[in-house]
J.: 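This is the structure I want to talk about, given as structure tokens.
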Number of protein chains: 4
Amino acid sequence: MSPRADVTEQRTAQIIAAASEIVADNGLDALRMDEVAERTGLSKGTLYLYFRSKHDLSLAMLERVLQRELDTVEGISATAATAEHALREFVDAVIRDIQMITRLMPISYGFLSIAFRNRQVQRALKKYLRRYIDSLTPIIRSGIESGEFQEVDPEEAAIAVAAVVEGTMLLWIYDRSMIDPARHIRSGIEHLLGGLKQ
Amino acid sequence: MSPRADVTEQRTAQIIAAASEIVADNGLDALRMDEVAERTGLSKGTLYLYFRSKHDLSLAMLERVLQRELDTVEGISATAATAEHALREFVDAVIRDIQMITRLMPISYGFLSIAFRNRQVQRALKKYLRRYIDSLTPIIRSGIESGEFQEVDPEEAAIAVAAVVEGTMLLWIYDRSMIDPARHIRSGIEHLLGGLKQ
Amino acid sequence: MSPRADVTEQRTAQIIAAASEIVADNGLDALRMDEVAERTGLSKGTLYLYFRSKHDLSLAMLERVLQRELDTVEGISATAATAEHALREFVDAVIRDIQMITRLMPISYGFLSIAFRNRQVQRALKKYLRRYIDSLTPIIRSGIESGEFQEVDPEEAAIAVAAVVEGTMLLWIYDRSMIDPARHIRSGIEHLLGGLKQ
Amino acid sequence: MSPRADVTEQRTAQIIAAASEIVADNGLDALRMDEVAERTGLSKGTLYLYFRSKHDLSLAMLERVLQRELDTVEGISATAATAEHALREFVDAVIRDIQMITRLMPISYGFLSIAFRNRQVQRALKKYLRRYIDSLTPIIRSGIESGEFQEVDPEEAAIAVAAVVEGTMLLWIYDRSMIDPARHIRSGIEHLLGGLKQ
DNA sequence: TATGAATGAGACTTCATTCAT
DNA sequence: CATGAATGAAGTCTCATTCAT
């Protein structure tokens, strides 16, 4: 018999939050159920009332992080006058949330190597990318239709935009002193926009 | 180099190769000294004659992988007639090695989340990115000097190029059916080139 | 008995029945209070209102099973014309209930190894055997008195009968394809009868 | 890489012996890898060099016990002049080893309830019974051929003999004060012999 | 240089039991 | 009477590392 819905929801969130803190601080490798218990103030046994296994908890954590990042991505685009403006708004939104994004990066990046083998992780990442690209493609498409942009493949262009944003964040991990996410995302996107425009 | 050093070097390479196979197949999490011993045909004790710890072995493995990828990147650019050609050659080289690159991705990506905390990993990745960008920047610069490209910040542009390449590979992990590395790297770089050119 | 006592009795029986199902299906090892709660539709806390501990519940379950088997054994013998007929009736009764007996065997057999150490289990099994043998002995004795049987020790002979019946069931567990309980109990008892008769 | 053959054999035997002591003393439920480690003076990790799991160790222990009991059963029958003598020798051998048999009973009996569900345990017990019966059947058959015994089904009779022996041991667990293994096995077999003989 | 048996800390997970409501 | 969330001791198993030979 599972706990009452409201308690469940609260506990679930509480546990995921604690796990996320740990992973953000020390990496996915350092995630220990013991420490999750300690940080939540719950007992180890209680964790298992809410998550069948550590793997389940990890997955829930990944899904929450991806959802949060999608909130940033999907929260734009509706109102901008031109496609160019919409893309700039998208970039602004990403940069506005950059603190949170970088804070949570150890979580999603911790799953990357697992993604090669784990179906559930694959599914989560796949869904994430689908929604990510599906947010950007209509912007590109409207730009083409309005004559702002050249006649490119809209999804290809959306993928290029995503690649610049995500790729820059990736390079930032490689060298945090060399890459300035805000500046380099912005300049990368500007170059891309230059190529897209007529 | 004395014969003994030769043996050492050979053993070292052999151990790294075995470890790389394991990680390429099953991820960094699945790297076990036991299995390295089994695959090399050496005893577990012997591994520790060549590497102080598993961590040292991992690091050596990372460095070899990054070096290999740099071989691809640094092996170009000298002869091309124009900057545009040079960049296209770079893209061609990357795509030519795409099989090997994707094969080795679980290795480098396995270290990403570790990079947030581990100095040695940071140093290796930093050096890698430095050389990566240092290979691309002169191409951009020569393009500017020749009047092919606009007056952009050469390093910023190089970072944009790297972001497109690396970002596309990253997105490929998210959804291997949606992203076609060759096609999407090429189209991304073309869009970028469009923005760089006069 | 007050109504409350009725409820108690009913709940108790319900809990024992659920536990018995679990053990019959999956063995004593697989008995979990969680699952008893689930199967009864009661909460885990409630189980402890009716049984002080899991051990108490187990013991109650064992006693019920042994009682059921005694019902088979003790339900005979009164009316038969000869001792030989009475023993054959006993065998018939056992074979008639063989389905139920084999179904419940994981329960009683689950306690066998515990019987070496646990006083309460010992007492339950001891009482069971006493009543079992006490059902058979008078039959043998009457057979001796009537001149049907030789002058054997009646209890020894009763134990031999019980050993054949219980031993055959035991061998059936060893190899269910080799032993046919009905056939082999019958033939074993026939051989024994041949030895007992003048 | 598994340990050297001689060490392996010795360690394996040592571990099984320690486990057997524990189970003989306290039952299969009480078998803890921790305690096996303690009693052998080995570390917990070492146990897992020789047995993949606790279950594997348990099974090896079961097989050794069954083999030991078969040694008693199979070690007879070759030389006796008559079938009757051969069966008596068999009984004598069992009774001679009764101390060891009863000592080891918690081991084999601990597996009985598991036998309902576990294939490996089933296989071990099945093989045991097969060999047990295959030792007795030729004796019965020779008794029939020599005219000593009636024309019974030899395997049925062998099963009856085994049922008396094993069944008596089983009843002994039910009530150790009521059953005297030596006496009751002997008397049970004598009654059976009476029925078998012409 | 090489071995491989041994270690033991530490990870995950289970489950009987309690207790505030 | 009844609940069910919470507990935490206890168990199995893994694996990097060591060391005597």
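Chain naming here is simple, since letters A, B, ... match the order of the sequence lines and numbering starts at 1 in each. A quick note: this is a predicted structure, and the numbers were derived from the prediction, not measured.
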J.: Judged by atom type as modelled, is there a donor-acceptor pair below 3.5 Å linking the side chain of D:Arg39 to the main-chain atoms of D:Ala18?
T.: no
J.: Tell me which of D:Arg11 and B:Leu47 sits closer to the 5' end of DNA chain E, going by the nucleotide each one is nearest to.
T.: B:Leu47
J.: Any side-chain heavy-atom pair from A:Gln120 and A:His55 closer than 4.5 angstrom?
T.: yes
J.: Could you go through nucleotides 10-12 of chain F and list every protein N or O atom that sits under 3.5 Å from one of its N or O atoms, giving the distance for each pair?
T.:
residue : atom : partner : partner atom : Å
F:dG11  : OP1  : D:Arg32 : NE           : 2.7
F:dG11  : O5'  : D:Arg32 : NE           : 3.3
F:dT12  : OP1  : D:Lys54 : NZ           : 3.0
F:dT12  : OP2  : D:Met33 : N            : 3.2

J.: May I ask you to test the C:Ser20-C:Val23 pair for a side-chain heavy-atom distance under 4.5 Å?
T.: no
J.: Identify all stems in which DNA chain E takes part, counting only runs of at least 3 consecutive pairs (Watson-Crick or G-U wobble, each distance under 3.5 Å), and give each as one range with another, ordered by first number.
T.: E:2-21 with F:2-21
J.: Between B:Glu38 (CD) and E:dG4 (C1'), how many Å, whole number?
T.: 14 Å
J.: Specify the separation, in whole Å, of atom CG of C:Asp56 and atom C1' of E:dT17.
T.: 13 Å
J.: Is there side-chain contact between A:Arg11 and A:Leu42, with heavy atoms separated by less than 4.5 Å?
T.: yes
J.: Taking for each residue the nucleotide of DNA chain E with the nearest heavy atom, is it B:Leu49 or D:Leu42 whose nucleotide lies nearer the 5' end?
T.: B:Leu49
J.: So D:Asp25 and C:Phe116, do their side chains get closer than 4.5 Å, heavy atoms only?
T.: no
J.: If the condition is side chain to side chain donor-acceptor pair (under 3.5 Å), which residues does B:Tyr128 pass it with, not counting sequence neighbours?
T.: B:Glu69
J.: According to a strict under-4.0 Å criterion, is B:Ser43 in side-chain N/O contact with OP1 or OP2 of E:dG4?
T.: no
J.: Does a side-chain heavy-atom distance below 4.5 Å link C:Leu66 with C:Leu125?
T.: yes
J.: Please report, rounded to the nearest Å, how far the P atom of F:dC1 is from the CD1 atom of C:Ile15.
T.: 12 Å
J.: Would you indicate what C:Tyr50 reaches in the nucleic acid, counting non-hydrogen atoms under 4.0 angstrom: base, sugar-phosphate, or nothing?
T.: sugar-phosphate
J.: Is any side-chain heavy atom of D:Thr40 less than 4.5 Å from a side-chain heavy atom of D:Leu47?
T.: yes
J.: Starting from P on E:dT18, measure out to CZ on C:Arg52 and report it in whole angstrom.
T.: 10 Å
J.: Does B:Thr46 place a side-chain N or O at less than 4.0 Å from the phosphate oxygens OP1/OP2 of E:dT3?
T.: yes
J.: Roughly, in whole Å, what's the span from CD1 in A:Ile22 to C1' in E:dA11?
T.: 14 Å
J.: On DNA chain F, nearest-nucleotide positions of B:Asp29 versus A:Gly41: which is more 5'?
T.: A:Gly41
J.: Using atom CD of B:Glu35 as one end and atom P of F:dA16 as the other, report the distance to the nearest whole Å.
T.: 11 Å
J.: Round to the nearest Å and state the distance from A:Phe51 atom CZ to F:dA6 atom P.
T.: 13 Å
J.: Rounded to whole angstroms, how far apart are CD on B:Gln10 and P on E:dA2?
T.: 10 Å
J.: Does the side chain of D:Ser58 come within less than 4.5 Å of D:Phe111's, by heavy atoms?
T.: yes
